[in-house]
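Note on naming: letters A, B, ... go to the chains in the order of the sequence lines (proteins, then strands), and numbering restarts at 1 for each one.
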Number of protein chains: 4
Amino acid sequence: MSSAPLQRDPSARASRRDQRLAEIFAHAAAVFCEKGYAGASMRDLSRASGKSLAGLYYYFGSKERLLFLIQKHTLLTVVERLRLRLEGVSDPQQRIRVFILNHLEYFLANQNGMKVLSHEADALKNELAKELAAIRREYYHLAVGLLDDLKHERGLRVSTRIAALSLFGMMNWIYTWHNPKVDSDAASIAADMADIFLQGVAGTRNRTNSGSGAENRG
Amino acid sequence: MSSAPLQRDPSARASRRDQRLAEIFAHAAAVFCEKGYAGASMRDLSRASGKSLAGLYYYFGSKERLLFLIQKHTLLTVVERLRLRLEGVSDPQQRIRVFILNHLEYFLANQNGMKVLSHEADALKNELAKELAAIRREYYHLAVGLLDDLKHERGLRVSTRIAALSLFGMMNWIYTWHNPKVDSDAASIAADMADIFLQGVAGTRNRTNSGSGAENRG
Amino acid sequence: MSSAPLQRDPSARASRRDQRLAEIFAHAAAVFCEKGYAGASMRDLSRASGKSLAGLYYYFGSKERLLFLIQKHTLLTVVERLRLRLEGVSDPQQRIRVFILNHLEYFLANQNGMKVLSHEADALKNELAKELAAIRREYYHLAVGLLDDLKHERGLRVSTRIAALSLFGMMNWIYTWHNPKVDSDAASIAADMADIFLQGVAGTRNRTNSGSGAENRG
Amino acid sequence: MSSAPLQRDPSARASRRDQRLAEIFAHAAAVFCEKGYAGASMRDLSRASGKSLAGLYYYFGSKERLLFLIQKHTLLTVVERLRLRLEGVSDPQQRIRVFILNHLEYFLANQNGMKVLSHEADALKNELAKELAAIRREYYHLAVGLLDDLKHERGLRVSTRIAALSLFGMMNWIYTWHNPKVDSDAASIAADMADIFLQGVAGTRNRTNSGSGAENRG
DNA sequence: AATGAATGAGGGTTCATTCAT
DNA sequence: CATGAATGAACCCTCATTCAT
């Protein structure tokens, strides 16, 4: 299966194998991150990971599939962590704060993978694209679910769609500007963004003017 | 015609030339948009624009310089339009609404150029990168100025930096999701985002909890 | 005619034209000298000479013809100067000294042209090659004539052909090593080479061993 | 065969590889020889050698490096052969005869390589140029050493520098004129040139006139 | 008399990929 | 299990040259 390298096999052997692959992922993500998917060559990846060129093909089949595996691994990890963190949190606002914190924490902890996930969203084609899009959709709908909960509790100033996509934009854009020497840690940024977002979409209304009064267009 | 012996407008010639170049820009931006800068070949651009390959080099010198010119032209246009629109608007919140509307309107009107500006922010190197970064900085500081005005009037829930970058993220991310068949027009989306943002950063405070209490760190 | 630009026209107008062309020759020779004929582009020549690219074609027709004209001009000048200098000199050894001095003096005075003449001897093709070869042959036979005179007077240690070609090699190689900061002037080098050559081919015989006893094979 | 499981000679593999490379060298030298370094395209070399274009890059890295390897190989071979031949020869004049013979024999035996070495002396740049220049210098100083020995024994009519460079010119120029149908073999030409040179620089003095009396300026 | 505009052909080089071992 | 060797296709770019003006 195309997802084989990512399946958690309980045996130590496969685990060691996974570990080796994870190292290659890390190197590859760094290269994709720096040069972009199209701009990175398999030789770049080979050099960075210390594996032979043919070895990469032996393990991953193609450059595209390597990107796919990185993106899938990254995305599944975020989703998995989010699921765990959401357990036991029931307040809608709080759940959204958890969502934002989880996203940004992992973004800053695994900046390369997350940037590749954000920046190379259109690089995959055909089957691989479809498979990844399915997981993306899953994550997206998870977020939408959180927003809907909030909407039921407090109403939403804008459509769920606009709210969700604005939030993703706010968060994902971080790879273009985050500078560890200047910016606070993930928790702090997450709190700020959560404040902006929650207050923005669900706070007391005091809109001073509006070109479009309609809500819930999404 | 360029052979007309009596040209009234001395800039007519350059203007026509500029127009021809602008057409190539449009085609090139579309290709960069679809395939990415690195993934687009000069042959792709040649085919799309109907110009010969060598002709592109005659006009633009290099693939990188073509990207640069597209980005510069796009960015200068947004800045220029913003400056015009801000004239006569003095209310800080209103000025920010104008800023958001201007950005999104131009984004949706010239989606290719703006996506290239957003997505290929790191593609340029050396001198060209520096020159563009200078204009980017100008635009960024223009936004920061608007936020500082707001801050003086009403306070800001977060640092100006986080506020500004969150706003840019919210807006720029639009190229990843906007679908004219589903989404409203620019004015409506701009109003929504402005609502979220203004209410979020400067609205009535009712923060329920906060991991980072510090405000105004920017 | 292909040689038109080099014909000495008594009219001032053509003379001025010749002068302009001579300037271009000088620039072009410098470029050919530095980059080689094949390695120099017409754009290089255009830049160096300050003429437009199309202007070079207007004046010279092709890159090859420009090389041809430079070589022809250079070669004709050496021959012409040699003829003048040989007038009134009758001693065979002295005539050879004049030949060597003339060659080296012009070589160091017009190093670019002479290097191009030496180094790019095979660059021309077809008609232009033939026309230049004819002048080269003329110069070569002029040298051979001088050697034959010497041979009649004092005998020659080797064939005229080997003698002549060795002498040309000795002289033409100078472009690979002459360094004005280290080496003497043309007169001094010419005297040295003449000493070596004359003593070598026509001096007292005291050959200690010989793999080839046959003389006068040329 | 390369599939033999039991290779006796551990260097057999590298040796076969070297042999394959040497064949490519030969073809490439022939092409460089005919068209010049700048005038020869990698596609020309690919065609001539029967290797794929990409294969040439796999082996040699660049056109320049291919030239470098040819020149280095050729030059090292001449030097090596010379060292062997000089063993056991002690008479200064005889040693110079050996030097000339060695140079010309190898020149005519490997005309392509030696012409490329002579004619493309300035084609390399930067590091490769430096590395080759070092070997060239070694060979040059080897010649200078021979001349100095002669000078100590019999004196020299001219500076060592001029003597050495004149001799190199005489010899290297051979690629411009040698015609196997007309000219004698290497031994005969070498003897002639040795006669000219030795008699010229160290023979009985009977200089009849001199523009520059100074000797031993080098 | 002189040139800006334009291009087809080809330059050196790198690409993702395969395959025999 | 892993890789050195090899390549067809494509890369960005420059070439010598033409032609309308």
Report summary line: Atom CG of L56(C) and atom P of dT17(F) are separated, to the nearest Å, by 11 Å
Report summary line: M42(B) atom CE is separated from dA10(F) atom P, nearest whole Å, by 18 Å
Query raised in the report: How do A38(C) and K51(D) order along DNA chain F: which one's closest nucleotide is nearer the 5' end?
Result: K51(D)
Query raised in the report: Using a cut-off of less than 4.0 Å, is there contact between a side-chain N or O of S41(C) and OP1 or OP2 of dC15(F)?
Result: yes
Query raised in the report: Closer than 4.0 Å, any side-chain N/O of Y58(B) to the OP1 or OP2 of dA5(E)?
Result: yes
Report task. Check the distance between dA16(E)'s P and F68(A)'s CZ and give it to me in whole angstrom. Result -> 20 Å
Query raised in the report: Do any side-chain nitrogens or oxygens of R20(A) fall under 4.0 Å of OP1 or OP2 in dA2(F)?
Result: yes
Query raised in the report: With both distances kept under 3.5 Å, what pairs with dG12(E), Watson-Crick or G-U wobble?
Result: dC11(F)
Query - Y57(C) side chain near dA16(F) phosphate (N/O to OP1/OP2, under 4.0 Å) - result: no
Query - Pair F25(D) + F32(D): ring centers closer than 6.0 Å - result: no
Query raised in the report: Between A40(B) and S52(A), who's closer to the 5' end of DNA chain F by nearest nucleotide?
Result: S52(A)
Query raised in the report: Considering Watson-Crick and G-U wobble pairs with both distances under 3.5 Å, what does dG4(E) pair with?
Result: dC19(F)
Query raised in the report: Between atom CG of D44(C) and atom NE2 of H27(C), what is the distance when rounded to the nearest 0.5 Å?
Result: 14.0 Å
Report task. Indicate yes or no: does E127(A) engage K130(A) in a salt bridge with an N to O separation below 4.0 Å. Result -> yes
Requested in this report: Indicate yes or no: does E131(C) engage K72(C) in a salt bridge with an N to O separation below 4.0 Å.
Outcome: yes
